[in-house]
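Notes follow the structure.
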Amino acid sequence: QVQLAESGGGLVQPGGSLRLSCAASGSIISLYAMGWYRQVPGKQRELVASISSSDSPYYPDYAKGRFTISRDHVNNMLYLQMNSLKPEDTATYYCNAGRGGFVAWGQGTQVTVSS
């Protein structure tokens with residue numbers, strides 16, 4: 001099945017931007033719905049953005065207007081563009097892919113927003 005690997009996390013200042021990448025291997029991402037989730041230690045993992053198998057995006061309210069999810073089908077990549085970052089966006093960000101009853105997760109990449 002598909003394997004996922006996130007990259008692009010790091011330290012940014014409040015109001016700054018960051019672009020996360022998720023490289024998929026073992027399958028073609030066009031076959032999957034995909035998404036980005038984030039988690040703070042001791043807290044529940046929450047949805048950041050998702051994109052359907054037909055490339056329709058979804059965002060929770062806190063992400064609307066700031067975050068953009070997209071796919072590069074040629075290179076089998078998923079991206080999350082994050083703008084206007086806030087300290088409360090600090091978390092480990094995870095890429096996922098789902099098809100039918102199968103769900104795959106990446107290992108996560110750390111995002112820290114601090115001045």
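Here the structure is a predicted model, which means the values were calculated and not measured.
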Heavy-atom closest pair, residues Tyr94 and Gly106: CD2-O, 3.7 Å
Inter-residue atom distance Trp36.CH2 - Leu20.CG, 0.5 Å rounding: 5.0 Å
Side-chain donor/acceptor of Glu6 to backbone N/O of Gly108, under 3.5 Å: yes
Distance under 6.0 Å and angle within 45° of ring axis: Arg71 vs Tyr79: no
Thr90 side chain vs Val113 backbone, donor-acceptor pair below 3.5 Å: yes
Heavy atoms from other residues, nucleotides or ligands near CD of Gln107 exceed 12 (cutoff 6.0 Å): yes
Straight-line distance of Trp105 CH2 to Arg45 CZ, nearest 0.5 Å: 5.0 Å
Short side-chain to backbone donor-acceptor contact, Ser17 and Asn83, under 3.5 Å: no
Side-chain (Asn76) to main-chain (Ile28) donor-acceptor, under 3.5 angstrom: no
Short side-chain to backbone donor-acceptor contact, Asp72 and Val74, under 3.5 Å: yes
From Glu46, Glu88, Lys86, residue fulfilling side chain to side chain contact (heavy atoms under 4.5 Å, CB included) relative to Tyr62: Glu46
Side-chain donor/acceptor of Arg99 to backbone N/O of Ala33, under 3.5 Å: no
Donor-acceptor contact below 3.5 Å, side chain Tyr59 vs main chain Ile69: yes
